[in-house]
Amino acid sequence: MTSSIKTESHIEGVHRSGRWLALSVLVLAVLLVAVDATVLGLATPFLSEDLQPTGNQLLWIGDVYSFVIAGLLVSMGSLGDRIGRKKLLLIGATAFGAVSVLNAYATSPEMMIVARALLGVAGATLMPSTLALIRNLFHDPRERSLAIGIWGAMASAGAAVGPIVGGFLLEHFWWGSVFLINLPVMAVLVLVGAKLIPESKNPNPGPWDVPSVALSLVGVIGIVYAVKELASHGLSPDAGVAALIGVAGLVGFVRRQLTLPVPLLDMRLFRHRGFSGAVASDLLTILGLSGLVFFLSQFFQLVQGRQPLEAGLAELPAAIGAVAAGLVAGVVARRFSVRSVVAGGLAAVGLSLAVLTTLDQHTGYPLLGASLLVVGVGAGFSFTVTADVILSSVPKEQAGSASAVSETAYELGAALGIAILGSIVTGIYRGFAIPAGVPSDVASAAHESLGGAVDVSGGLAPETATALVSSAQEAFVDGLRIASGVGAAVLLATAVAAWFLLKGQKLEDGVEH
């Protein structure tokens, strides 16, 4: 009898350790996709010098990765539910590694755009698969909360680590090295994942509806493209046409899902108040945060004169806060309540953004670092608990589709945030007064961006250059202050909405059977 108990205990111990080892492999994928989304920003000047892209081509090199990921997340989450999430993850990881080589050795702007798009296709297979596999690896809700916390922490850490890793590599190697770091990580993921990760899928999946895939892709890419155009060039025919196509695609997608016997995405999930509230919280939180983080990076480098690596390190408190909060979020949500943790986290982020409305060129790092730390803690609590709510409010069979909705909300929120808050910063920045004696062509370039103003000032007399850069920096900080205020208002309003939408929502307790 004792021997039997020992054997069972040993098997359970192996099973438990296997789950956590499998999780460590899954978070590698998340870390890498997050790093890859941010690492290119630092490499862009080096890449531009080598490949000589036009301004339009450079925008596509930067944007096409996130366009394709956003457009394919729902379709890939549903595909994983059908063919097997482990299978899709391993195929996607292999493709991600192979296409990274294509990115690293691209010899023309056109080749680079295609390579980035293919990397987006591979990236779209990884994110929903990882979260859905966690749903099926961890049957104990408390363990699953911790696993989701680790998953979210790695996504946050990846976004912050990207600039640091990129800064280090670019100081020592050529720009292609920022892509080649993907290879060893993906090799570990495939080799270890094939052995440790159990397969899971929907036992009654139905067909993968190709028209739904096309409508989803057209709808999301249309909307994301429209908001990015709006941010870059203001109201324009291109942005209007893209928005109309995007809305038509999404309306067509929703209507088709409601008529299919086995839809690509079950729209009835949104009838669950907790699911809808969690998805809306994610989208609006990222909207409020992404624009700010995007422009704060420029503030550190172009206003306060920090080097890329130092600027990346300056934003590290946000990642540290997110990691720490993510690891304890499940425990805190059970001790208090889901809505108090999510609403409290969002309010903390909103208040931190409100503090940044006091920003000026000489604001000391202690205030900035403390604000970023609170932003990270608030976001870590909110994102981890909402991800848990999203996964636990749907049947296990639909875990891939549900996690894809969560990821799509994240991508759309990021695009909208940079577009909306970006248009505020850009609009205010472009109104700054040009000092006397600056040629019109130089003034035009300076009004395009703060980076442009710093670049063109090099050809001016020292006094004029100093006056131009100082005026440009002051206008940029004015825009950043107002954008922070708008972001704060969005986050605080979202906190209030989450308080009501998540009323009565609880994280599961006890082991599922």
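Computed from a prediction, not measured in an experiment: that's the story for all the values here. One-based numbering along the sequence shown.
- In this view, S337 and S340 satisfy the side chain to side chain donor-acceptor pair (under 3.5 Å) rule, not counting sequence neighbours.
- With sequence neighbours excluded, no residue forms a ring-ring contact (aromatic ring centres under 6.0 Å, His included) with F336.
- Within the structure, side-chain hydrogen bond (donor to acceptor under 3.5 Å, both in side chains) contacts touching residues 176-187 (residues at least two apart or in different chains) are D36-N182, S100-N182.
- A search for side chain to side chain donor-acceptor pair (under 3.5 Å) contacts involving S471 returns nothing, not counting sequence neighbours.
- R481 pairs by the salt bridge (charged side-chain N to carboxylate O under 4.0 Å, His left out) definition with D478, not counting sequence neighbours.
- Evaluation of the side chain to side chain contact (heavy atoms under 4.5 Å, CB included) rule for A495 yields L346, A347 as partners, not counting sequence neighbours.
- Q304 meets the side chain to side chain donor-acceptor pair (under 3.5 Å) test with R306; sequence neighbours excluded.
- For I150, the side chain to side chain contact (heavy atoms under 4.5 Å, CB included) partners at least two apart in sequence or on another chain are W20, L23, V27, L146, L327.
- Under the side chain to side chain contact (heavy atoms under 4.5 Å, CB included) criterion, A324 pairs with no residue at all, not counting sequence neighbours.
- Among residues two or more places apart in sequence or in another chain, the side chain to side chain contact (heavy atoms under 4.5 Å, CB included) test is passed with L367 by V355, T358, T363, S371.
- Listed by chain and residue number, nothing satisfies the ring-ring contact (aromatic ring centres under 6.0 Å, His included) test with F300 (two or more places apart in sequence, or in another chain).
- Not a single side chain to side chain donor-acceptor pair (under 3.5 Å) links S216 to another residue, sequence neighbours left out.
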